[in-house]
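Read through the structure below, which is laid out as structure tokens, and then see the notes.
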Amino acid sequence: MAVNARIPKGTRDFTPEVMLRRNYIFNTIKEVFHQYGYLPIETPAMENLSTLMGKYGEEGDRLLFKILNSGDYLAKADENALNEKDSNKLISSISEKGLRYDLTVPFARFVVQNRNELSFPFKRYQIQPVWRADRPQKGRYREFYQCDVDVIGSDSLLNEVELIQIVNDVYNRLRLNACFRINNRKILAGLAEIAGASDKMTDMTVAIDKLDKIGLDKVCQELESKDIATNSINKIKEVLALEGSNLEKLNFLKDQFSGSEIGLKGVEELRSVLDYLAPLPIKMDLLFDVTLARGLNYYTGAIFEVSAKDAKMGSITGGGRYDNLTGVFGLKDMSGVGLSFGADRIYDVMLQLGLFEKITNLDQTQLFFVNFGEKEANYCLQLLTRLRNADINAELYPDSAKMKKQMTYANQKNIPYVALIGESEMESGLISLKNMTTGEQQKLSLEEVINVIKR
RNA sequence: GUAGGCGUAGCUCAGUUGGUUAGAGCGCUGGAUUGUGGUUCCAGAGGUCGCCGGUUCGACCCCGGUCGCUUACCCCA
């Protein structure tokens, strides 16, 4: 009985065709990162569960993939938990490792562990898969890639500015129209403060984050259900109704926050960032959005979220500033800011918008040699070496199969040129070169072939 | 964890108020074309209708269960 050839739910295989496109995205992102002085790191797929647990909230713990201990793990299992069938209690005695849930927490662990090797501010990027055990749906996978870029060890707002420029550059290069929304956790804290609901800040942000999805009435309902006072809700409503330009909104909030130090700080931070950016060429929309909250609790300053303007998809990039991410690992006063590009969603959006069609991919085979037989194949090997030395991707069909079969192969691989070398070509020293797009064919010397393909 | 939708050829899907031989397009294989792919024409292969059980003279169709996929909610890239 054959084993079912399947992969786990929410995971994917990537064919060569898909990988060429994915690499185009990854390479574009990397090039921009390099331009701004960020360098790559990698961390292991698995971390100790103690590193991961408790960093993403209760929901996050549930969504962590845990790795069963090696060996006879049941021998050391907590017997009480086992008898009571209490999974949560059992975990710590049978599993001590888990797959990473994002790249930010492993990065914080990395910074603390390697602090003596690093020079600060430390600018790194990291492009690796992460895993989440939630239910897959549109644009959501159980294994997906994040492209994180962070700078840690500097609280300068120039870092925020730089990251916004990076996002702008990446989406310009990918020809994707982006809408960059920005807010500041301190503004949300200020809002909670002037509404007299400071203790309910998390509930408040979670609720108002849903404004564009469920509408104002439902948001107020949710606020009520969280025991937030009616006059607080009215105050919050007033701010949510805010319209106008980014600066108009900031000015309005400045007045509102006269009694909130933290709120004013948030307004000033955001204003500085926008002031820095004003004279710079930013093509994407840049929108101050008071309703932007973002779930992760470790953000303390700016928060960002980017969506594609022409496609229906969740956010394709997100991030923010965190003042104390390394604190839990014993390193205080390390402010950092960063964001993460969701490569899989970017891919889905670009596919949806047909943006891959214009990309000519240089990674593919450029010249294909038909195999006419033993003698001819031997002759081709010499030519292939010279072509590859001239930086031309070239291959020879391994069997002297029927011409039709070989041509079909070249066609399906989308190879633009085919070389035919039989007896007459070997005698003349020329190559019959067929252009697979136009169907034209001519006899050329090797040098001429190189020139035609390089053109 | 909650709630919907869908499982028929390699892929995308049609189908029958339950009736004997289950269809299309694309793809695949062969031929027209033994030194020419893509286009065109001709021919062909390929399905226990997800699985198990029930109702029925008879089930791809109806019912129950089960597995798988998918969408939305929570949450999130």
Side-chain angles (χ1 to χ4, degrees), chain A residues 4-12 25 29 56-64 87-88 100-104 127-149 167 202 205-207 209-210 213-214 218 222 293-297 304-308 312-320 338-349 368-373 376 397 400-426 431-443:
Chain A
N4 261 347
R6 340 188 48 160
I7 54 176
K9 192 194 302 224
T11 65
R12 295 148 302 156
I25 294 174
I29 290 172
Y56 311 104
E58 205 177 310
E59 180 78 1
D61 286 353
R62 198 168 66 77
L63 298 180
L64 281 170
S87 306
N88 286 334
R100 70 167 102 78
Y101 179 91
D102 70 0
L103 300 178
T104 309
I127 299 179
Q128 290 190 274
V130 304
W131 295 269
R132 296 184 188 179
D134 63 356
R135 241 168 240 220
Q137 51 187 271
K138 191 181 174 66
R140 174 181 292 189
Y141 306 99
R142 287 183 141 178
E143 177 184 61
F144 62 97
Y145 274 71
Q146 291 191 329
C147 311
D148 268 35
V149 57
V167 171
T202 305
T205 52
V206 168
D209 191 36
K210 299 174 189 165
K213 214 180 216 171
I214 62 177
K218 288 253 172 81
E222 185 163 332
R294 288 190 66 76
L296 294 174
N297 291 320
F304 324 113
E305 202 157 288
V306 184
S307 51
K312 221 181 160 183
M313 178 67 72
S315 69
I316 52 176
T317 295
L339 42 81
S340 180
F341 290 85
D344 305 86
R345 284 191 177 175
I346 293 171
Y347 180 94
D348 290 348
V349 169
F368 173 85
F369 280 75
V370 174
N371 185 331
F372 280 84
E376 291 86 348
Y397 197 81
S400 60
K402 276 196 235 173
M403 182 79 152
K404 185 185 171 78
K405 187 172 167 67
Q406 300 193 43
M407 290 301 283
T408 303
Y409 173 88
N411 191 54
Q412 288 179 337
K413 267 189 101 171
N414 249 318
I415 297 171
Y417 292 97
V418 168
L420 299 120
I421 295 174
E423 226 168 290
S424 68
E425 283 86 357
M426 281 173 69
I431 296 167
S432 285
L433 184 73
K434 174 157 182 159
N435 179 325
M436 292 294 275
T437 316
T438 62
E440 284 164 12
Q441 188 168 322
Q442 50 189 150
K443 289 198 175 184

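Naming: A, B, ... by sequence-line order, numbering from 1 per chain. All heavy atoms count here, side chains included; hydrogens, waters and symmetry mates do not.
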Of the listed nucleotides [options], the one nearest the side chain of [X]:
X        : options             : result
A/Asp134 : B/G38, B/C73, B/C75 : B/C75
A/Arg140 : B/A77, B/G38, B/U71 : B/A77
A/Met436 : B/G37, B/U71, B/U36 : B/G37
A/Arg132 : B/C75, B/U36, B/A77 : B/A77

Describe the nucleic acid contact of [X] in one word from base, sugar-phosphate, nothing, applying a heavy-atom distance below 4.0 Å.
X        : value
A/Thr408 : sugar-phosphate
A/Tyr409 : nothing
A/Gly139 : base
A/Gln412 : sugar-phosphate
A/Glu305 : nothing

* To do: Specify the residue among A/Lys9 and A/Ser315 whose closest nucleotide of RNA chain B lies further upstream toward the 5′ end.
  =>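 Comparing both residues, the 5'-ward one is A/Lys9.
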* On RNA chain B, nearest-nucleotide positions of A/Gly422 versus A/Lys210: which is more 5'? ->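 Of the two residues, A/Gly422 wins.
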* Asked: Is any side-chain nitrogen or oxygen of A/Lys413 closer than 4.0 Å to OP1 or OP2 of B/G38?
  ->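 Result: no.
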* **B/A77 phosphate, OP1 or OP2, under 4.0 Å from A/Gln146 side-chain N/O** =>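 The answer is no; no side-chain N or O of A/Gln146 sits under 4.0 Å from OP1 or OP2.
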* **Closest contact, heavy atoms only, A/Ser432 versus A/Gln441** =>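 Taking every non-hydrogen atom into account, CB-NE2, 3.8 Å.
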* Taking the six-membered ring of A/Phe144 (Phe, Tyr or Trp), confirm whether the NZ or CZ of A/Arg132 is under 6.0 Å from its centre and within 45° of its axis. => no
* **Short N-O contact, A/Glu222 and A/Lys210, less than 4.0 angstrom** =>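 The answer is yes: the pair qualifies as a salt bridge.
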* Asked: Who does B/A24 pair with, Watson-Crick or G-U, both distances under 3.5 Å?
  ->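 Pairing partner: B/U12.
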* Does B/A43 pair with anything, Watson-Crick or G-U wobble, both distances under 3.5 Å, and if so, with which nucleotide? -> B/U29
